[in-house]
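Single-structure report; data block below.
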Amino acid sequence: MKNLEQYREWCRACVKCGACRATCPVFKAENQEGGVARGKIALAQAMMDGEVFAEDRLVHDLSQCLLCGSCTNLCPNQVPTIDIVAAARMKVAQEKGLSGFGRGVATLLTHKKAMDWMSKSGDLASRLLCRQIPETSGLRLRFPVPGIPNERTFPKPSFKPFLKRDIRQTVSCSASHRVLFFTGCGINYLYPEIGEYLVRILNFMGVHVTLTDEQGCCGLPALSAGAGDAVETLAERNLKALKIHAFDAVLTACASCYGALAGIYPTLGSGYQPFAEKTRDVMDFLMDMNLAGRLASLPRSEDRIKVTYHDPCHLRNHGLTRAPRQLLAALPQVDYVEMTDAATCCGLGGTFSVHHYETSQKIGRQKAKHIAQSGAEIVATACPGCIIQLQDSLNRENIPARAAHLLELVCQALPIK
């Protein structure tokens with residue numbers, strides 16, 4: 001991966017105009033210069049010039065970034081703040097070592113058997129340590145656990161990960177399209193039903209889906225923690241696991257996974273470029289398959305639900321915003337409504353919500369408010385991480401709406417069992 005020195009010219013391109021202040025979710029929540037892009041770029045420059053070192057204050061300021069890319073979208077010089085902050089975090093890790101949490105993330109993500117065991121044991125432990133929140137989605141701790149606020153809600157881990165399940169293929173091997181499904185951790189361990197929705201929909205559309213248990217985490221959480229070596233290890237393993245199969249496309253149903261495979265992997269070497277070029281977000285792929293047209297031809301339901309949409313940052317940053325809305329608008333059981341600031345970050349930001357939960361929830365509170373104002377019963381999105389954050393924010397604000405993956409709504413509409 002690129003080191004911080006390779007971004008020196010990009011750092012100089014930042015003219016400190018302050019345009020990023022108008023769009024940075026962290027700055028809006030805390031109103032502190034250290035939380036905004038130009039402040040972090042100034043720190044990165046100072047690190048390269050040897051003016052500051054990996055001290056606690058620097059580490060804190062660099063951690064106050066969601067890596068959402070909102071600043072770059074508004075930057076007149078298109079300075080890649082995400083890449084600069086990620087490189088600065090890796091430099092800190094090289095000089096000071098990873099934090100205890102960062103080491104834990106890197107170790108866990110690079111050991112798939114440990115991930116499988118954690119999912120199974122997490123399901124069992126949750127029955128003792130957590131309680132189901134009535135009429136909403138998520139669990140809440142019964143007893144205090146270090147590092148996890150008692151009021152935080154989270155999904156129940158799956159006892160049987162998606163890739164360990166017996167997923168039936170109903171389309172013959174002569175199907176017109178053959179795709180690989182890159183599941184990612186969120187779908188594999190927390191929301192396996194999303195993977196089942198995807199397979200059922202693609203089979204209905206005449207697409208054959210290949211699943212391989214050798215795939216692992218995309219590496220984005222490790223990047224957020226500054227663990228560059230773990231990202232490279234995971235990317236190499238995933239490329240090796242997937243390239244032995246014949247496919248027309250690699251599909252993701254997780255925005256973070258798409259951002260890693262299509263955005264980060266190509267920076268790791270030329271061998272990843274062909275793989276990245278075939279990576280598609282499932283919503284974009286389904287639009288090319290004319291799913292919206294088939295949905296629009298179905299009879300409209302008399303009892304429709306009001307649904308809005310939240311843009312995951314890693315799809316928005318790649319311009320993938322139209323397809324989800326077109327699919328939602330075509331669903332026969334849905335009345336689609338656009339909410340205010342649908343494209344603003346939900347506040348999760350990988351490790352950000354662990355280190356800065358209160359700031360994360362200040363951002364999430366505003367998002368929950370916009371969902372409530374839209375009148376939607378469901379906020380659909382295309383990222384398991386966003387689902388976790390959105391539902392937690394809705395629960396904390398006592399808003400009776402539910403966060404769901406768009407594939408769930410699509411699957412409900414199709415005449416399949």
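Quick note: numbers below take in every heavy atom, side chains included, and nothing from hydrogens, waters or symmetry partners.
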Do other residues, nucleotides or ligands put more than 12 heavy atoms under 6.0 Å from E30 CD? yes
Do R89 and T351 meet the criterion of a side-chain donor-acceptor pair at a distance under 3.5 Å? no
Pairs meeting criterion ring pair (Phe, Tyr, Trp, His ring centres under 6.0 Å) with involvement of residues 213-255, two or more places apart: none
Check: H310 main-chain N/O paired with T381 side-chain donor or acceptor under 3.5 Å: yes
Taking the side chain as every heavy atom from C-beta outward, state whether Q391 and R402 have any pair of such atoms under 4.5 Å apart. yes
Going by atom types alone, do Y357 and D392 pair a side-chain donor with an acceptor below 3.5 Å? yes
Would you check if F285 and V207 make a side-chain contact, meaning some heavy-atom pair closer than 4.5 Å? yes
Over 12 foreign heavy atoms within 6.0 Å of CZ, R300: yes
Output yes when R325 and E338 qualify as a salt bridge under the 4.0 Å nitrogen-oxygen rule, no when they do not. yes
Tell me, please, which residues at least two apart from H405 pass side chain to side chain donor-acceptor pair (under 3.5 Å). none
Assert yes or no for the condition that the ring centre distance of F181 to F162 is strictly below 6.0 Å. yes
Side-chain heavy-atom pair Q333, L409 within 4.5 angstrom cut-off: yes
Donor-acceptor contacts, no H, no angles, side chain residues 34-43, under 3.5 Å, sequence neighbours left out:
from	atom 1	to	atom 2	distance (Å)
R38	NE	E33	OE2	2.6
R38	NH1	K16	O	3.0
K40	NZ	G34	O	2.8
K40	NZ	G35	O	3.1
K40	NZ	Q64	O	2.7

